[in-house]
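Quick notes on the structure that follows.
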Amino acid sequence: MLETAQRWARFKRDPRAAWAAYVALAVLLIALPFVTDWMLGRTWVRIVAFALLYIMLALGLNIVVGYAGLLDLGYVAFFAVGAYLYALLASPHFGLHLPFWLLMPLCAAIACIFGVLLGAPTLRLRGDYLAIVTLGFGEIIRIFLNNLNAPVNITNGPQGVNLIDPIRLGDFSLAQPHSIAGIAVPSVYNYYYLFLALALAVIFVSIRLENSRIGRAWVAIREDEVAAAAMGINTRNVKLLAFAMGASFGGISGGLFSGFQGFVSPESFTVIESIMILCMVVLGGMGHIPGVALGSVLLVVLPEALRYLGPLQQALFGRVLADPADLRLLVFGLALVLVMQLRPSGLWPSKIRRREFSAQGEEARHERESVYDAAR
Amino acid sequence: MDIFLQQLVNGVVLGAIYALVALGYTMVYGILGLINFAHGEVVMIGAMVALTVIQLLLASGVPLPGPVVAAIGLAAAIPTCMLLGFAIERVAYRPLREAPRLAALITAIGMSIVLQNVAMIIWGRRYHSVPSLLPVTPHQFAGATITDLQIFIVLLAALIMAGLLYLVHRTRLGRAMRATSQNPEVAGLMGVNINTVISMTFIIGSALAAVAGLMVSAYYGVAHYVMGFMLGLKAFTAAVLGGIGNLGGAMLGGLLLGVIESLGAGYIGTLTGGFLGSHYQDVFAFTVLILVLVFRPSGLLGERVTERS
Amino acid sequence: MQRRRVLGIGFALTLAFALSGCGRETPPPPPPAPKAEAPKPPPAVTVKIGSVAPLTGPQSHLGKDNDNGAKLAIDELNAKGVMIGGAKVTFALVSEDDQADPKTGTIVAQKLVDAKVAGVIGHLNSGTTIPASKIYHDAGIVQISPSATNPKYTEQGYKSAFRVMANDVQQGKVLGEYAVARMGAKRIAIIDDRTAYGQGLADEFEKAAKAAGATIVGREYTSDKATDFRSILTSVKGKKPDLLFYGGMDAQAGPMASQMKALAVGSKFLAGDGVQSPEFIKLAGAAAEGVVASSPGVPLDKMPGGKGFTERFTAKYGQVQIYAPFAYDATMTLVEAMIKANSTDPARYLPELAKMSRQGVTGPITFDEKGDLRNGPITLYLVKDGKWSTIETVGGLAAAPAAAPAPEKPAPAAEKK
């Protein structure tokens, strides 16, 4: 037994093993849409694509909540800004059709500006006061999107913007099926691969940020803002940077959402959406990238998987005992409660976090008061 | 002028309801530091239970005067909500007391979803109409119209708040609650049973929620299983506006938010020369909130947050 | 360290597949066992028809209503037995919940495409119907919405998109003209709920009322989650309109009507189909008296089979909310097209559907080249003695019972048997 453990430990340190794992992972990710489609149907390719989109969103929020410890309940505003920017600049609404490579940086940049706009007045606020202000900010953005169809029609109001250009990279339109080396690649696969590439890029940036000077400054602020300031960290700039970085991830996801859906309307950007993204971050394990990714995937997949409650009952009891439409969200809510009861620091918290939390007594109390709650 | 007065009346009644719900948020926050997102749902359950009892009574054909029927409905709703509040705390929040605070927040969100869907299964998806049990005779008052029901709502809310202030500041339990909110550990050492105090906080907050639930549904004549969410969000905003954790703050915040919303919807068009209309009512309310918090970061009546060393 | 982290993320994703695998174990709903009591049965096939509406959330009462309407149609068709292409067809309704959320709407649409449904009845809201219509179109599946009224839905150039309900433009125009010509409104105030439906209808109403010579004295706004309208009603009252138009749903209109009464706003109250429900009368109580609302189609009791529909529906699912008859008609129309084409393949029956002409329980159903209801009649109703009573039917071919043989049940399959 011990020997196996040792061998496993040695194997884990072996660079060749890591490379093998990488290759296996790459093959898995590339083959995923084909396998999913074959096994479960194309819906699930779409669901997995959405999951990737939400990984990007959740990692953006993770910068603000997980790293810098600023509770943000209006994150969906940045998602909305990105989505509408793409929609307005690449649809018949204004007759503009900007290319994708120009739109993406634009989405990121404008969302970034909105992030700073939100961050600037809230620098002095702490904890739940910040939460309610960000919530208000999110609502303000949604209300403007919903109402700016008069006197000048900018966003087309509640009707939403339709017929948005699909994403196209050069001459390669993601909205059409392609055939690459004799293998048919339907449209939704294209989006999957694009989202996968960008999600990996976002993960990469997140990892680099976490270990950078800025990342450490964020963590320092989260742990103790006063001490961080005393150590020479410019807390104002660092906080603003967290908002800006988080917002730009949201903006990019928003642009992708627009191109993928082909239609945006304000009802996609409600408070509940913000709360769901926060749940992804916390449920998975705040501040821990694999945890956050896991949380996003679960919260996208779970409500869809619960649609099978009807057929499941059919299979188990021979008939449908309870209307699956009644049960679906109930089970979802119960799952949220249950996971938090069993794993209060998330499904997959970082090692440090886990250690701190399991420690009893003084340390645990310190944990409660500071780590998760720099802003109390 | 009569329009302005009318808007003020509208705002005060709305504010009284917000204040009553906001008290529930602020009491829990003051002691646990937790945003109890499920509180709005307790309000909803209160309304639904009261409505069910009222409907049963009316259907039974027993000739009772309207206010008595309403009182019986309320008498059924209050213990139900108390039990529910107690159970939520016991089952969902207590195990997380030492856990990261966001875990408790997500639990609260989960509880809110659960309660909504349970209510959907029990009471169905449709909107329920609430029979008018109290006279809604309109009175003319300096050009504004006020109904008996509105006067009753404001008076009842004021009475309950006065009672709550008495409880917190003049009784043994109130002292224990204040002590726990300041420092749970020291309070524990001084012989306060913290668990009892926290349970009592939830129970009292839920009783207030039951009253608010019946009030809201009777005032608007509608009850529906998602009615708690927006109301809860608004009440939470009110609590923060006044300074969360502070009872007087919740009352002030509730009243102010009601009046701000009402005047905002009424006058925002005139103020902006017709550019923005009543659809920016919430923008107006949130802008006021943000401005208040920028200048007073812990709300109107909240204590200044001391920088921790 | 970093490398391990990347691996961790990979495993997180892998876990997702595992979870997807959970879904795999429970295949899509197995069709009800085909009836095989006939001694020499023709080959039996099961044809799936999708039904999508929000079954959870604030609009779930309407969503469930739509779903029940489709269910009733399917049950009746199955009870009667339908022969298509020489086979006895059993229809299976695949109901999905789109939560009135555009994103979920597209996922559900893809799910129905995967389940190989022959046609889709839905969605309820324009906001979910429009993005989903692209997926149905790309997959070549026919979609009939019983209740999406946004004109854009059929303006996308998709041949597969139909609706059995007048769109906002058609209805807003009728309402605007009616308000001025028949209700004698000169000063009109408008409130809408800032949803795609409410705002669209209110805008069209405003245009038509202005064209007919009325003055719009005020435009106020609320939301589809609001219950307090006192402040906007107070503003409205200050402008002294003689008619108030509301673009929105019954759940808001009910409290709005009673608050109007409490505030002694003296104007008449007019609204669209979202308000023409029994629910509205319950919610508004005494204040409902005298309220006028329109609804596309012909009154149910004037239609052959309409009364029967109401009776059968009520016996099974309780009171009709609003759109159940339209969902019923949509389903019946879809199946009739299949019977006429003698095929359940969308590509084959689509032409039949496009040139369909039949009497539904809500009125005559023919589509124009966009897929909108052609000359849809619109009926105006007034609340009198706590009930909706018909005032008049405007436009369209009106109720033309002579045009159709008017079977007792709307039985598209009758002649095929």
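In the text below, chain A, chain B and the rest are named by the order of the sequence lines, each starting its count at 1.
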Review point. How long is the span from the CZ atom in B/Arg101 to the CG atom in A/Leu71, to the nearest 0.5 Å?
Key: 8.0 Å
Study note, to complete from the structure: Looking only at B/Thr237, B/Leu276, B/Leu291, B/Val118, most heavy-atom pairs under 4.5 Å shared with chain A are made by B/Thr237
Review point. Nearest 0.5 Å, what's the OG1-CD1 distance between B/Thr287 and A/Ile140?
Key: 4.0 Å
Point to revise | Beyond-backbone contact of B/Phe229 with A/Ile272, side-chain heavy atoms, under 4.5 angstrom | key: yes
Revision key, fill the gap. Smallest heavy-atom separation, A/Leu330 atom then B/Val114 atom, equals CD1-O, 3.5 Å
Check your understanding: Does the side chain of A/Leu278 come within less than 4.5 Å of B/Leu105's, by heavy atoms?
Key -> yes
**Study point:** Proximity breakdown for A/Leu148 and chain B, heavy-atom pairs closer than 4.5 Å
**Key:** both
Exercise for review: Using a cut-off of under 4.5 Å on heavy-atom pairs, state which of A/Thr122, A/Leu123, A/Leu327, A/Ile275 scores highest against chain B.
Suggested key: A/Ile275
Check your understanding: Do A/Leu336 and B/Ile113 come within less than 4.5 Å of each other through their side chains, counting heavy atoms only?
Key -> yes
Exercise for review: Would you name the heavy atoms of A/Pro121 and B/Val294 that are closest together and state the gap between them?
Suggested key: O-CG2, 3.4 Å
Review point. Are side-chain heavy atoms of B/Leu293 and A/Ile132 found at a separation under 4.5 Å?
Key: yes
Check your understanding: Any chance CZ of A/Phe114 has more than 12 other-residue heavy atoms, nucleotides or ligands included, within less than 6.0 Å?
Key -> no
**Study point:** Part of B/Ile244 lying under 4.5 Å from any heavy atom of chain A
**Key:** both
Exercise for review: Against chain B, label A/Val65 side chain, backbone, both or neither, depending on which of its atoms sit under 4.5 Å from a heavy atom there.
Suggested key: side chain
Review point. Step by step, would you call A/Phe332 with B/Asn117 a side-chain contact (heavy atoms from CB on, under 4.5 Å)?
Key: CA-CA 10 Å; A/Phe332 180 72; B/Asn117 282 279; over 6 Å; no
Review point. Going from CD1 on B/Ile290 to CG on A/Leu125, what distance comes out if it is rounded to the nearest 0.5 angstrom?
Key: 9.0 Å
Practice item. Examine whether an atom of A/Leu338 lies under 4.5 Å from a heavy atom of chain B, and if so say whether it belongs to the side chain, the backbone or both; otherwise answer neither. Key: neither
Check your understanding: Under the 3.5 angstrom rule, does the side chain of A/Gln341 hit a backbone N or O of B/Ala92 as a donor-acceptor pair?
Key -> yes
Point to revise | Interface moiety of B/Leu115 toward chain A, non-hydrogen atoms closer than 4.5 Å | key: neither
Review point. At a heavy-atom separation under 4.5 Å, does B/Leu289 approach chain A through its side chain, its backbone, both, or neither?
Key: side chain
Point to revise | Stepwise side-chain contact (heavy atoms from CB on, under 4.5 Å) test for B/Met120 and A/Asp326 | key: CA-CA 8 Å; B/Met120 182 182 90; A/Asp326 286 351; 3.5 Å; yes
Check your understanding: So do the side chains of B/Val283 and A/Asn147 get within less than 4.5 Å of each other, counting heavy atoms only?
Key -> no
Review point. With only heavy atoms counted, which part of B/Met111 is less than 4.5 Å from chain A, the side chain, the backbone, both or neither?
Key: both
Review point. Could you give the distance from OH (A/Tyr129) to CG (B/Leu241), rounded to the nearest 0.5 Å?
Key: 10.0 Å
Point to revise | Residue pair A/Met340 / B/Leu102, side-chain heavy-atom distance below 4.5 Å | key: no
**Study point:** Engaged part of A/Val271 at the chain B interface, taking heavy atoms whose separation is under 4.5 Å
**Key:** side chain
Check your understanding: Between CG of A/Leu73 and CD1 of B/Ile35, what distance do you get to the nearest 0.5 Å?
Key -> 6.5 Å
Point to revise | Where B/Phe286 and A/Glu139 come nearest, the two heavy atoms and their spacing | key: CE1-CB, 3.7 Å
**Study point:** Residue, of A/Leu329, A/Ile141, A/Asn146, A/Leu130, that accumulates the most heavy atom pairs under 4.5 Å with chain B
**Key:** A/Leu329
Review point. With respect to chain B, which residue among A/Gly136, A/Ala131, A/Ala335 yields the maximal number of heavy-atom pairs within a distance under 4.5 Å?
Key: A/Gly136
Check your understanding: For the residue pair A/Pro344 and B/Ala103, what are the closest heavy atoms and their distance?
Key -> O-CB, 3.2 Å
